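Shown next, in structure tokens, is the structure this report addresses.
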Amino acid sequence: MKLDVKIQMLNFFFEVFNFIFLVLGFSVCGIGLWILFDGGSLLNVNTSDELRVVGAGLMLIGLVVLAVSIVGIVGAMKEIRVLLLVYMGLLIALVLGQLFVTLLLLINRNTIEQSLDQTVNQIILWYDGHNRTDTLMDRIQRYESCCGRMGPSDWLQNSFLQSHNLTNQDLLPCSCFNSSRPAINSPWCSESQNLTGPVYGVGGGSYEQGCKQKLIDWLQENMLTLIAMDTALMLIQVVQFVFSVYLYRALGSRTPPKDPEPGEDKYLQDQNYADVDPDSGDLGPAHVAHRHN
């Protein structure tokens with residue numbers, strides 16, 4: 001295979017895998033932004049420092065992937081071997097960073113789960129149905145068909161119910177019921193029809209299962225998705241590294257055209273003119289013999 005054709009093929013596959021590398025990098029960056037800034041997720045409400053470090057690390061990895069991809073594209077298209085070396089070095093550093101984030105996530109998995117439990121307990125304690133975290137808790141209970149963290153009895157710890165001495169009234173958030181008819185300006189419902197005090201909604205068929213296992217399953221699914229994407233990104237980087245090495249070696253195998261020695265062109269030119277017959281303009285016999293030789 002000719003060297004130029006080989007270089008073109010390596011460039012083509014390099015660009016294809018570099019595009020996949022870039023897409024996966026943006027996906028990882030998106031997950032990091034979701035962990036850090038999505039107000040509709042418990043991961044954002046979670047106060048775990050380890051989880052925030054993971055989110056920041058993923059966002060940084062995605063941004064670095066963008067910069068590394070640009071370096072690789074320029075190095076391959078312009079056939080600049082120095083940029084390819086820089087690209088390979090950045091790939092190695094990026095893989096080490098991804099391994100760090102992945103190991104941090106796996107090592108602190110139990111800590112993150114415990115922090116998630118504490119977050120849910122705090123939401124239950126201060127629940128009044130009028131802020132963002134309360135809406136999030138209602139959505140979890142409604143769509144996962146669960147109530148409280150371990151069960152409906154967790155709501156006895158709610159500050160509103162305790163301050164109004166309503167812990168014995170079977171009051172629960174309306175989202176804890178299979179069917180409910182909420183009252184105006186009140187997130188609480190009960191199956192009992194004899195409540196005194198403020199007007200509460202009516203609910204039927206409260207959920208008996210807590211949300212703890214549902215939340216753990218949800219967290220583990222997201223962690224597995226994250227680890228799978230991170231692993232795929234590292235595999236793509238290995239492939240990119242191999243193509244970079246072959247492309248670097250192929251570019252180095254190109255033999256640049258040999259420059260003539262100083263004065264050689266002038267000598268040949270003078271010799272050519274010296275061998276021309278001044279009358280007929282024909283080449284002299286010495287030059288003809290030189291041409292045939």
Side-chain angles (χ1 to χ4, degrees), residues 6-44 46 48-77 83-113 115-116 214-250:
K6 181 179 180 181
I7 290 176
Q8 289 178 0
M9 291 183 62
L10 286 172
N11 260 321
F12 172 76
F13 286 109
F14 181 90
E15 299 297 338
V16 169
F17 281 98
N18 201 62
F19 176 75
I20 300 173
F21 174 56
L22 190 59
V23 171
L24 287 174
F26 276 124
S27 301
V28 169
C29 181
I31 292 178
L33 292 172
W34 173 62
I35 292 175
L36 292 174
F37 302 112
D38 183 19
S41 170
L42 271 178
L43 293 179
N44 179 252
N46 197 333
S48 171
D49 292 334
E50 293 82 3
L51 188 59
R52 295 188 183 279
V53 170
V54 169
L58 292 174
M59 184 179 66
L60 182 61
I61 286 172
L63 296 176
V64 172
V65 164
L66 174 61
V68 172
S69 297
I70 293 174
V71 172
I73 290 172
V74 174
M77 292 183 64
L83 284 183
L84 290 177
L85 281 177
V86 173
Y87 179 77
M88 287 184 278
L90 290 175
L91 284 179
I92 295 174
L94 199 55
V95 168
L96 294 177
Q98 290 171 253
L99 287 174
F100 169 76
V101 171
T102 303
L103 290 175
L104 182 66
L105 186 62
L106 293 174
I107 291 173
N108 294 282
R109 182 181 60 182
N110 292 332
T111 303
I112 294 173
E113 290 180 2
S115 179
L116 188 63
K214 302 276 188 180
L215 292 174
I216 290 178
D217 293 342
W218 169 80
L219 181 63
Q220 290 180 348
E221 287 176 4
N222 282 281
M223 291 176 65
L224 287 175
T225 301
L226 173 58
I227 292 172
M229 291 183 63
D230 214 15
T231 303
L233 185 59
M234 285 188 282
L235 290 176
I236 291 293
Q237 287 171 253
V238 172
V239 175
Q240 283 293 88
F241 188 87
V242 172
F243 277 118
S244 300
V245 170
Y246 278 103
L247 185 57
Y248 178 85
R249 294 177 60 184

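Fair warning: this is a prediction, and the values are worked out from it, not measured in the lab.
Shown here for C29 and G62, the closest heavy-atom pair between the two residues is CB-CA, 3.6 Å. Between Q240 and Y87, the shortest heavy-atom contact is NE2-OH, 2.8 Å. The two residues M77 and N11 come nearest to each other via the heavy atoms N-OD1, 4.4 Å.
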Exercise for the section: Apply the test side chain to side chain contact (heavy atoms under 4.5 Å, CB included) to residues V101 and Q98: give CA-CA distance (whole Å), side-chain angles for both, the deciding distance (0.1 Å), then the verdict. Expected result: CA-CA 5 Å; V101 171; Q98 290 171 253; 5.8 Å; no
Practice task
Show your working on side chain to side chain contact (heavy atoms under 4.5 Å, CB included) between I73 and N18 and close with a plain yes or no.
Solution key: CA-CA 8 Å; I73 290 172; N18 201 62; 3.2 Å; yes
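Looking at heavy atoms from C-beta onward, I35 lies in side-chain contact with L51 at the 4.5 angstrom threshold. In this structure, L58 and L36 have side chains that are not in contact, with every pair of non-hydrogen atoms separated by 4.5 Å or more.
Using modelled atom types, no side-chain atom of D230 and backbone atom of L226 make a donor-acceptor pair closer than 3.5 Å. With S115 contributing its side chain and T111 its backbone, the two residues share no donor-acceptor pair below 3.5 Å.
Under the side-chain contact (heavy atoms from CB on, under 4.5 Å) rule, F26 has a single partner from L63, V65, L66, which is L66.
Distance check, rounded to the nearest 0.5 Å: CZ of F21 to CD of E15 gives 13.0 Å. A distance of 10.0 Å separates CD1 in I227 from CD in Q220, rounded to the nearest 0.5 Å.
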